[in-house]
Every structure is written in structure tokens, then in C-alpha cells.
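Whatever order the structure lists ligands and atoms in, that order sets their numbers, starting from 1.
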Amino acid sequence: MTDDSLQKFTIPGHLTLNSTESGQTKATVQTEWSHAEIHLHGAHVTSFQKNGEAPLLFLSKLSQFTPGKAIRGGVPIIFPWFGGREGYQAHGFARTAEWTLEETAKNADGSISLRFLLPEDLAPCRVEYLVTVGKALTLELVTTNSTQEAFAYEDCLHTYFHVGSIHDVTVHGLQGTTYIDQLDGNARKAQQQENIIFSREEDRIYLNTPSVLEIRDVGLQRKILLETSGSRSAVVWNPWIEKSARMADFGDEEYLEMVCVESGNVADNRIQLPPGGTATLKLTLKTLIL
Ligand code: BG6
């Protein structure tokens with residue numbers, strides 16, 4: 001059981017809210033097609049799995065579920081900056097904040113939605129997050145500038161995908177774009193190949209990206225479609241051997257089972273929101289048999 005004030009958000013047969021062993025509150029969602037779990041800590045989707053399929057999202061066995069720490073895996077929300085910022089935590093504060101659950105609903109098509117709000121004392125503006133669990137997983141981060149001044153920010157849905165083996169994974173849709181190679185002094189490079197393969201650490205910020213990307217996973221015999229709107233960047237990351245060993249909350253061999261393809265607005269694509277303006281970053285994840 002958990003905080004009584006949250007029980008009004010349960011949906012019999014579809015949505016429960018419970019405390020985890022580490023004391024965090026987690027929503028568990030069941031639909032006709034899928035199962036999902038979302039922690040209020042970070043409004044963090046930690047699991048999505050379609051019936052009869054392997055999990056879509058990777059979650060590290062060593063993830064820590066503690067205040068002030070981001071969950072390692074699932075979909076951390078990066079906001080309002082991406083990467084390091086001197087004197088502040090990497091990737092912003094949204095992923096370690098305790099979000100407020102505002103509403104849950106069963107939609108006419110049978111999907112289940114949860115709406116979260118980033119505590120307003122934390123955020124410089126209003127930030128809502130809508131998670132919809134159905135045949136697909138749909139995530140929408142809605143930022144509204146309620147101040148009198150323009151607000152510049154970066155955002156990113158830092159999705160960790162579970163894969164059969166990283167050696168059998170390719171990412172498609174980025175040919176012809178420019179990326180910032182974070183492992184080569186932020187050099188700007190052109191993506192010449194049609195597909196991205198993985199044989200070493202990769203950490204790339206792709207700019208001005210198309211609205212549909214695809215991950216092909218021969219090992220799990222599936223492809224994952226990433227359909228976005230309001231997303232101009234994609235970050236492709238795998239820590240490979242040495243960086244995995246350096247991360248305390250990530251197993252040494254886990255780089256083999258995951259790939260991050262993140263969707264958002266980073267670096268040159270950062271958002272300038274005028275007073276009163278709203279921007280929505282939307283990501284829909286679908287799986288298909290290869
Ligand atoms: C990626 C960055 O988005 O996140 C990488 O491009 C970084 O450089 C990775 O290592 C994980 O970041 P963190 O802060 O969760 O360890």
C-alpha cells in the first residue's frame with residue numbers, strides 16, 4: 001500500500017499504486033496489450049512490455065532507487081539542460097525530482113494515461129508529463145513558459161532500450177544528418193552510413209533529425225519505431241566496456257543488452273520559449289516483428 005491520497009488514482013483492473021522495497025511510489029499499469037511501471041521519482045517509466053514480447057526498456061540490475069539519484073534505465077526525463085553544467089547535477093533536476101501525480105484515466109481506446117506535474121517550486125515554468133500505455137507507449141513532455149521572459153532550455157527523453165545483443169543492433173534514419181561526437185572533442189561530423197552499428201563506445205548528439213527513427217534488433221527479431229514530434233535531436237549512446245566498469249549503478253556486461261536512442265532538443269536545437277509559449281516533446285514507441 002501507499003500514501004492514501006494517491007489511492008484515488010487507481011483504476012480497478014488497470015492501475016495500482018504501491019510502495020516499493022526502497023520506499024518509492026510506483027504505478028503499475030495493465031492494459032489489454034501491455035504492462036508498464038512508472039515511478040513518481042523522476043516520473044520515470046521503468047518498464048513497458050507488450051504481451052508475449054521481450055521488455056522494451058532496459059533497467060540496470062544495479063540501479064539505485066534513492067532520493068537525489070536517477071534510476072539507471074527506463075526513460076529518465078532530461079530537463080532543463082542536457083549533459084554537465086558546472087556546479088549542478090548532470091542532465092538537469094527533472095529526473096531526480098518527486099513529480100506530482102495529477103490525474104489518471106482510461107481512454108476510449110482502452111489505453112491508460114497518467115499525467116504528472118513537475119513541482120512548481122522547482123521548475124522555472126510549468127512542466128507536465130503525460131504517459132499513455134496501450135499497444136504503444138506514448139510520452140509527452142509539455143513545457144509552458146508562465147513567466148514574463150523568454151525561457152531557453154534543453155529536454156530529452158533518455159530512453160534505454162533493451163536489446164538481444166548490441167552486436168546485432170542497428171539504428172536507422174539518421175543518414176545525412178550532422179552529429180556532435182562527444183567522444184572526439186565535440187567534433188561535428190556527417191552521418192554517412194545508412195545505419196549505425198556498435199563496436200565500441202558511442203556518444204553522439206544528432207541535430208535536426210527526422211521524425212521517425214528505427215532500431216533493428218536481429219537478436220530479438222523485432223524493430224522498434226521511434227515516432228516523434230517537437231523533437232529535433234537524437235542522442236545515441238552505448239557506454240561499452242570501460243565506461244560500464246566506471247559506472248557504479250550499471251553492470252559491467254550490461255552494455256551488451258542496451259542501447260540509448262534519446263529524443264529531444266539539445267545543443268543547437270535547444271528551445272527558446274517566449275512568454276506564454278508552450279512546446280511539446282512527444283515520443284511514441286512501437287514494436288514490430290522483423
Ligand atoms: C547520455 C550522454 O545522454 O547520457 C552521455 O550523452 C552520458 O555522455 C549518458 O554518459 C549517461 O549520463 P548519466 O548522467 O545518466 O550517467
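R232 pairs with exactly one of N208, N269, N265 by the side chain to side chain donor-acceptor pair (under 3.5 Å) rule, that one being N208.
Between F116 and W99, the ring planes are perpendicular. Angles over 60° get that label, and only those under 30° would be called parallel.
If you look at ligand 1, the protein residues with a non-hydrogen atom under 4.0 Å away are R72, F82, H91, R95, H158, Q182, D203, V235, W237, K243, E262.
In this structure, W33 and S111 approach most closely via the heavy-atom pair CZ3-N, 4.0 Å.
H167 and W240 have their aromatic ring centers within a separation under 6.0 angstrom. Ring centroids of F58 and F250 are separated by less than 6.0 Å, placing the two rings close together.
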Which side-chain N or O atoms in residues 77-86 pair as donor and acceptor under 3.5 Å with protein atoms at least two apart or in another chain?
| residue | atom | partner | partner atom | Å |
| --- | --- | --- | --- | --- |
| W81 | NE1 | Q89 | O | 2.9 |

